[in-house]
Structures are given as C-alpha cells and as structure tokens.
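These numbers come from the heavy atoms of this one structure, side chains and all, not from hydrogens, waters or symmetry mates. Just so you know, ligand 1 is whichever comes first in the structure, and atom 1 is the first atom listed for that ligand. What you are looking at is a predicted structure, and each value in this text was computed from that prediction instead of being measured.
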Amino acid sequence: MNKTIIGALPGDHNLMNYSELVLNFNFEESIREFYGEAKEANISYHVLEKNISRGLGDKIALYYEGDERQESYTFSQLQRQVNKFANVLDKCGLGKGDRIALFLPRTPELYISFLGAVKKGLVVVPIFEAFMEDAVKERLLDSAAAALVTNADLLARVPKQELPELKTILLTKGGQYQGTLDWHSEVGMASSESGYCPVDREDPLFILYAAGADGQPKGLVHVHGCAPGLWVTANWVHDLKADDVYWCTADPGWITGIAYGFLAPWLHGVTVLVKGGRFDAARWCEVLQKYRVSVWYSAPTAFRMIIAAGKDTYGKYDLNRLRHILSVGEPLTEDVMQWSQAAFGIPIYDTWWMSETGMNMICNFRCLDIKLGSIGKPVPGIKAAVVDDLGNELPPYRIGNLAIKAGWPAMARDVWGNHQKYLEYFRLKPWFISGDAAYMDEDGYFYFQGRVDGIINTAGERVGPWEVEKKLKEHPAVKDAGVAGKPDKIRGEIVKAYIVLNQGFTWSENLAQELRNYVKTGLAAHASPRQFEVKESIPKTPDGKVDRKVLRGWALELGKR
Ligand code: WTA
C-alpha cells in the first residue's frame with residue numbers, strides 16, 4: 001500500500017539510530033541510570049532538587065501566562081513554594097498515602113500544590129476544572145480524599161456534607177468560607193524549608209480517573225517509578241534540549257497535562273510554559289511568539305481550530321522558534337499535517353498513548369520517515385502488537401486489538417479500589433489490551449483504527465458513554481438512552497445521544513436544549529451531547545448492556561450510505 005512519506009529530518013536529534021536502540025535498549029538500564037547513586041524515589045526530588053543541585057536553580061522552570069496574571073518561577077523559587085505548601089500539609093496533619101484532590105484551573109497554585117503534596121508522600125487526585133457536581137463527587141468519594149485544593153467558584157460544585165472523609169479544604173481564590181483555609185495566607189506563613197517523605201518507587205503518586213465504556217470512571221493508580229519512562233520519552237520523542245521552551249497545552253486534569261505538562265520536561269530541567277484561560281487561536285499564537293516556544297505538544301482539534309482561524313491570524317506572528325511540534329489524543333489528519341508543513345516548514349509528530357500507559361508508547365520520531373496516517377513505531381523498549389481476541393499476534397494489515405507487552409515504567413499499577421477492573425486490561429497475557437483497534441504495516445508502523453469499545457474521544461477528551469447515559473436517564477423525560485461518538489470534521493468526534501422518551505413527553509428543540517444543559521451542569525460541558533435522535537428502543541446485548549457496536553453503526557450512519 002502506498003502511503004505518502006515525509007522523510008526523516010536531517011540534524012542532530014537526541015535519538016539518531018532507532019533500529020539500533022530497538023535492538024539494544026532495555027528499561028532496566030535506563031532506570032539504573034536515572035536513579036543513579038542517589039536512589040531517591042520521590043519524583044518531586046527529581047524535578048526540583050536534582051535540577052538545583054545540577055546548577056539550574058536560577059533557570060526558569062515555569063512561565064505562567066494567565067488572563068490576569070503573568071508570572072515566572074525559577075527552579076529555586078518553585079522549590080521554596082513547594083516546600084511551603086508541603087509544610088502546610090504537615091500542619092494540617094496530612095501525610096503519606098493520604099489523598100489530596102486538586103480541582104483548580106491551570107494556575108501556578110496547581111503545580112505547586114501537586115509537587116508539595118507529592119513531596120510529603122500524599123497521593124494527588126487531579127480533577128479537571130470543567131467537571132460538575134456529579135463527576136466531582138464521584139471522584140472525591142471513590143478516592144476518599146482527605147484534602148482538597150480548589151477555589152471559591154469551584155467549591156460550589158463540591159457537596160461537602162456528602163463527603164465524610166474530606167477534612168481539609170484550601171482555597172486559592174475568591175474569599176473564605178466556614179471550614180476552609182486560605183491557600184495563600186497558609187503558604188505565606190509556612191517555612192520554605194522542607195524534607196521529603198521517603199517513598200518507594202512503587203508507592204502511589206497520583207490517581208487519575210479515566211472514562212470507561214460501561215461503568216464509572218476508573219481511578220488509575222500511577223506511581224513515583226513512572227519517572228524514568230517520562231525521562232526517556234521526553235528525550236527521544238520530544239527531543240528536549242537544555243535551551244528549549246516547552247509548551248504542552250493539555251490541562252493537568254488529563255494524563256498529558258501531568259506527564260508531559262510538567263513532570264517530563266522538569267525531569268530534564270527544561271523551561272515549561274503554562275497558559276491559563278480558554279482556547280483562543282490568536283492568543284495561542286501570540287503566546288507561542290512571546291515565549292519563543294521551541295517545542296509544542298498539542299492536539300489535532302486545537303491545530304484545526306487555529307487553521308480555521310485563518311492565515312490572517314496565525315500568519316501574523318513570528319513563530320520561527322518552533323523546531324518540533326507533536327500531537328496526541330486523536331487522529332492527526334492530513335490537512336493538519338499539510339498546514340504544518342506549509343506554515344512552519346516542519347511536520348507534526350504524532351504520539352499514541354493513554355491514561356493507562358502513563359507515557360508515550362507508539363510515536364513518530366525525527367530520525368525516521370513519517371508515513372501519513374500512521375501513529376508511528378513503538379518507543380524503544382516497548383513491544384507493541386496487533387492481536388486477535390485470543391491474544392495471538394496478527395500479521396501486517398490485519399485489524400485487531402492494539403496491545404502492549406506489559407511491564408514498562410509508567411504503566412498504571414492498579415485501579416483504585418477495584419483490582420478486578422485492572423486485571424481486565426491484562427486478560428490476554430502477556431498483553432495489556434488498550435481498547436483501541438489498529439493494524440501494522442510490513443515496516444512495523446502502526447495505524448490507529450478507532451476504539452473497540454464505545455469510549456468517545458471528543459476534541460481529544462475522553463468521555464465515557466455510560467456516565468452520559470446515566471445522567472440522561474435521571475431526567476424525567478428520558479426512559480432510556482444510548483450514547484456514541486459521531487465523526488466530526490473539527491472535533492474528531494462529537495457526543496451523540498439516542499434517547500427513548502417517557503410517555504407524555506414530546507420531542508422539541510427546547511427539550512434538547514434542556515437535556516444538553518442537564519448533562520452540562522451535572523457532569524461536564526465536554527460530555528454534553530451536541531446531537532440527539534429519538535428512538536423506539538436502545539439496542540442491548542444479551543447481558544443487558546447497551547450494544548455499542550450497533551450504536552456506533554447508527555452514529556456512522558452506516559445504514560444511510
Ligand atoms: C486516543 C490521552 C489517535 C486513543 C494520552 C486512546 C489517539 C485514547 C492518539 C486515550 C493518537 C491517543 N491518534 N488516537 N495519536 N493518542 N488516542 O486516556 O483512542 O485521555 O485509547 O490519553 O485516546 O485517551 P487518554
């Protein structure tokens with residue numbers, strides 16, 4: 001099969017000889033190299049003190065560009081803030097193993113709280129800012145979080161009376177309420193010296209809730225020992241160099257915003273940009289120019305929105321510092337690739353991975369040809385395959401389950417409180433079954449072919465159909481509901497809901513709007529169905545679950561072609 005090929009880039013890349021590394025590399029060695037003599041397992045040491053001890057104390061760690069605030073922190077300044085927050089947690093009686101939820105917009109307080117908590121051995125539970133009451137409550141209850149950092153606006157979505165374990169609430173903004181502490185005055189009063197809580201590499205670092213197809217989101221447990229995996233991929237895939245300014249646009253409510261938003265670049269002592277506020281094509285380009293961003297990690301929907309804003313927008317800015325652009329989360333379409341080549345003279349490097357894998361798995365590399373439409377090749381040290389439903393490896397061009405041989409450093413180690421769910425990923429030993437469909441070509445390049453289950457990917461954000469169905473069915477007008485992803489030119493997929501109405505209700509645009517708001521205010525705006533269709537019944541499998549295959553067929557409008 002002929003695929004358009006974009007040739008390997010000339011130049012000095014961190015990874016120059018892919019095939020040789022694939023043969024010779026194993027993670028054990030890089031783990032030894034990463035931890036070195038120090039053997040300190042706490043990842044906050046590796047992103048702060050290690051850099052400071054290497055003489056990077058005065059280097060900028062974080063540029064923050066918010067709508068109302070612009071700040072910068074050197075590694076030493078960041079370390080002092082982190083220590084202060086760590087001491088606040090001590091004072092509150094919080095310590096190793098306690099869960100602390102961070103429900104915040106992208107602001108410096110979020111990053112400081114994350115590392116301060118980790119330094120004291122607490123386990124961070126990131127909650128995406130756009131989540132509404134049901135989703136927030138579910139995550140706080142399931143993780144039995146003892147502490148929460150949020151702001152006064154977001155606190156309105158936290159049903160405190162229903163969360164008996166939640167003892168400490170720190171607010172970063174918006175005044176104080178009974179039973180809450182002021183983040184800034186507590187941090188202001190605290191000492192800027194703090195020691196580490198000793199942790200093991202296998203101790204939990206954060207619990208990230210990720211949508212599943214048929215059930216509540218799963219709390220994926222990631223451990224301190226993910227660090228060497230992030231370190232290696234930041235080097236080879238992101239090609240990070242000492243003088244780079246790195247901007248990963250993802251929110252730390254999602255895996256990308258944690259793993260590559262700050263942990264991976266800081267493991268290399270690289271300067272990170274964080275932009276607060278909403279997406280805006282012109283502002284994004286302005287920020288790329290202002291901070292002279294050299295490595296940019298974003299998602300196809302964002303690229304498409306910038307393209308849609310037109311050359312009058314992106315063409316106005318001097319973006320020639322950009323030397324490496326990467327993409328994640330959804331299929332990188334050809335139009336986006338062509339745009340990047342024309343606008344910046346460089347291709348975009350696609351990376352495939354998941355919340356479960358914790359680090360980049362299958363990627364395009366600067367030293368290799370890119371085949372358009374392919375997610376690339378496995379990171380050295382990673383064995384990927386396409387397997388059938390019994391776990392047998394399939395030959396090239398056969399579509400099957402995209403699987404990874406278990407045992408890489410950043411792999412999620414458990415599902416919080418539900419080990420059985422975790423084991424389901426490994427039902428076809430020795431494979432981790434991703435839930436994605438794919439095929440491979442004769443050169444070992446992989447091609448993503450959508451989800452096997454019904455998980456929806458809208459604008460790169462992962463939405464569980466079950467959660468949306470549950471919410472819709474709580475509305476008096478809805479007797480039954482089935483939700484699927486419908487292809488969309490800009491967002492990749494949109495959430496489409498098929499509903500059966502209860503007697504006495506008739507369909508109208510007003511009711512559609514009401515249902516949209518109902519999901520939006522209960523669950524999250526990104527999970528709210530953009531389209532509805534009324535049906536007589538929702539197809540079910542013999543065990544009574546929504547038949548996701550039939551629903552997907554409906555959403556693809558297969559019958560209408
Ligand atoms: C999808 C995001 C196409 C895939 C890091 C996966 C992709 C899900 C790509 C994980 C890509 C991720 N091309 N699809 N390059 N990367 N996906 O957990 O379906 O939010 O299973 O992690 O996103 O989404 P998650």
When the side chains of residues 127-137 are checked against the rest of the protein, which donor-acceptor pairs come out under 3.5 Å, sequence neighbours left out?
from : atom 1 : to   : atom 2 : distance (Å)
D134 : OD2    : K471 : NZ     : 2.6
K137 : NZ     : E162 : OE1    : 2.7

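- Residue contacts with ligand 1, taken as heavy atom pairs separated by less than 4.0 Å, involve R451 solely via side-chain atoms from C-beta onward.
- For ligand 1, the atoms closer than 4.0 angstrom to any heavy atom of T256 are 5 (C).
- With a 4.0 Å cut-off on non-hydrogen atoms, F448 touches ligand 1 through its side chain and not its backbone.
- Between H13 and F365, the ring center distance fails the sub-6.0 Å criterion.
- The closest protein non-hydrogen atom to atom 24 (O) of ligand 1 is R462 CD, 3.8 Å.
- When I255, T351, V328 are ranked by how near their heavy atoms come to atom 15 (N) of ligand 1, first place goes to T351.
- Heavy-atom proximity to N457, at under 4.0 Å, picks out these atoms of ligand 1: 1 (C), 23 (O).
- Closest to atom 25 (P) of ligand 1, if we only count protein heavy atoms, is S355 OG, 3.5 Å.
- With distances taken over non-hydrogen atoms, the option nearest atom 2 (C) of ligand 1 out of W353, W254, Y260, W352 is W353.
- Ligand 1 has no nitrogen or oxygen under 3.5 angstrom from a nitrogen or oxygen of S327.
- Counting heavy atoms only, G329 comes closest to atom 1 (C) of ligand 1 of the residues A438, G450, G329.
- Between F25 and F27, the distance separating the two ring centers is shorter than 6.0 angstrom.
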Could you please spell out the steps behind the ring pair (Phe, Tyr, Trp, His ring centres under 6.0 Å) verdict for Y246 and W266?
CA-CA 10 Å; Y246 178 76; W266 284 346; over 10 Å; no
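- You'll find the ring centres of W431 and Y425 outside the 6.0 Å limit.
- For atom 6 (C) of ligand 1, the candidate residues are I455, V452, L326, D436; the nearest heavy-atom contact is made by D436.
- For Y260 and W353, the distance between ring centers is under 6.0 angstrom.
- Sorted by first and then second residue, the pairs that involve residues 321-343 and meet salt bridge (charged side-chain N to carboxylate O under 4.0 Å, His left out), not counting sequence neighbours, are D239-R323, D244-R323, R304-E330.
- Every heavy atom of G435 sits 4.0 Å or more from the atoms of ligand 1.
- In this structure, W247 has its ring center no closer than 6.0 Å to that of Y291.
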